[in-house]
Enquirer: 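If you scroll down you'll find the structure; I have some questions about it.
A note on names: the letters A, B, ... follow the listed sequences, proteins ahead of strands, and every chain is numbered from 1. FYI, side chains are in, hydrogens and waters are out, and symmetry mates aren't considered; it's all heavy atoms of this structure.
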Amino acid sequence: SAVISQKPSRDICQRGTSLTIQCQVDSQVTMMFWYRQQPGQSLTLIATANQGSEATYESGFVIDKFPISRPNLTFSTLTVSNMSPEDSSIYLCSVTPDREGQPQHFGDGTRLSIL
Amino acid sequence: RKEVEQDPGPFNVPEGATVAFNCTYSNSASQSFFWYRQDCRKEPKLLMSVYSSGNEDGRFTAQLNRASQYISLLIRDSKLSDSATYLCAVNAAGGFKTIFGAGTRLFVKA
């Protein structure tokens, strides 16, 4: 499976600031996904990021709050904007092979705490 | 009703025990099913895919029941290292989007 690297692995930020998380994959993939996992909760899909098109956001998530870039087939960024303590979470990127029905594989996550 | 539901547990079992988890899904058009393992403060890692005929990987057996819309995971001869959260995941037909359950917490004790 693909090797997926996320940066930073963790950060502590002040409220009102923004943080950009990077996700790098060692192979070309069409679809990348960004998830949030709040403490004690399961994974919540934020958006699907396909190269060459705008990201598709899930209900409850908007581009102004979580802008996403997907400049090529191996890289994506997620920005968490104007952060508040409620944004404290683990943020995960994942990829899936370009065939239906395949499992997703995750980066090692970014642990974000907002003071 | 949630698209994918799991008993959150926790399941507390002694070493050597057999434990089973179930996961129900609501979309009858779902085509692909998976079990993931997530250790505390780590990312989920694929444990196994679930095939229609059922599949086994060492101490782990996964089964699919399409009629009742659930998948199961059986762990035999539990080890301390099996302690983790187990997430089930379901792909809808014709798509790449995966829906995850909230996870079942397992504690294996000596």
Enquirer: Side-chain heavy atoms nearer than 4.5 Å, only ILVMFWY residues, links allowed to pass through others: does that put B:Phe21 and B:Met48 together?
Expert: yes

Enquirer: Output the option from A:Pro97, A:Ser94, A:Ser42, A:Gly109 having the highest count of non-hydrogen pairs under 4.5 Å with chain B.
Expert: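 Most heavy-atom pairs under 4.5 Å with chain B: A:Ser42.
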
Enquirer: Near B:Glu15 CD, under 6.0 Å, is it more than 12 heavy atoms from other residues, nucleotides or ligands?
Expert: yes

Enquirer: Only pairs of heavy atoms separated by less than 4.5 Å count here; which of A:Gln41, A:Gln6, A:Arg111 has the most with chain B?
Expert: A:Arg111

Enquirer: Taking atom CD as the centre, does A:Glu54 end up with more than 12 heavy-atom neighbours from other residues, nucleotides or ligands that are less than 6.0 angstrom away?
Expert: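 Counting neighbours around CD of A:Glu54, 12 or fewer heavy atoms of other residues, nucleotides or ligands fall under 6.0 Å, so no.
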
Enquirer: So does A:Arg15 have more than 12 non-hydrogen atoms from other groups sitting under 6.0 Å from CZ?
Expert: no

Enquirer: Please identify, among A:Thr96, A:Leu92, A:Ile90, A:Leu43, the residue contributing the most non-hydrogen atom pairs under 4.5 Å to chain B.
Expert: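 Of the candidates given, the most pairs with chain B belong to A:Leu43.
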
Enquirer: Testing the basics here: between A:Phe106 and B:Pro44, what is the closest heavy-atom pair and its distance to 0.1 Å?
Expert: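 Of all heavy-atom pairs spanning A:Phe106 and B:Pro44, the closest is CD1-O, 3.6 Å.
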
Enquirer: Chain A heavy atoms under 4.5 Å from B:Phe100: which part of the residue, side chain, backbone, both or neither?
Expert: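 When you check distances to chain A, atoms from both the backbone and side chain of B:Phe100 fall under 4.5 Å.
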
Enquirer: Could you tell me whether B:Lys109 atom NZ has more than 12 heavy atoms of other residues or ligands within 6.0 Å of it?
Expert: yes

Enquirer: Go through the atoms of B:Gln6 and report whether side chain, backbone, both or neither lie under 4.5 Å from a heavy atom of chain A.
Expert: neither

Enquirer: How many angstroms lie between atom CD1 of B:Ile99 and atom CG of A:Leu45, to the nearest 0.5 angstrom?
Expert: 7.0 Å

Enquirer: Find out whether A:Gln104 and B:Tyr36 are in side-chain contact, i.e. whether some heavy atom of one side chain is under 4.5 Å from a heavy atom of the other.
Expert: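 Counting from C-beta outward, A:Gln104 and B:Tyr36 do come under 4.5 Å.
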
Enquirer: Should we say atom CD of B:Gln63 is surrounded by more than 12 heavy atoms from elsewhere, each under 6.0 Å from it?
Expert: no

Enquirer: Using modelled atom types only, decide if a donor and an acceptor are shared between the side chain of B:Ser32 and the backbone of A:Gln102 within a distance under 3.5 Å.
Expert: no

Enquirer: Measure distances from B:Phe33 to the heavy atoms of chain A and classify the residue's part below 4.5 Å as side chain, backbone, both or neither.
Expert: neither

Enquirer: Quick check on the hydrophobic clustering: are A:Trp34 and A:Phe61 connected, directly or via other members, by side-chain heavy-atom contacts under 4.5 Å?
Expert: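 In one cluster: yes.
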
Enquirer: Might you confirm whether atom CZ of A:Phe75 has over 12 heavy atoms from other residues, nucleotides or ligands at distances under 6.0 Å?
Expert: yes

Enquirer: Can you measure from NE2 (A:His105) to CD (B:Glu43) and round to the nearest 0.5 angstrom?
Expert: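 Output value for this atom pair is 12.0 Å.
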
Enquirer: By a 4.5 Å heavy-atom criterion (distance strictly below it), what part of B:Arg41 contacts chain A: side chain, backbone, both, or neither?
Expert: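 When you check distances to chain A, atoms from both the backbone and side chain of B:Arg41 fall under 4.5 Å.
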
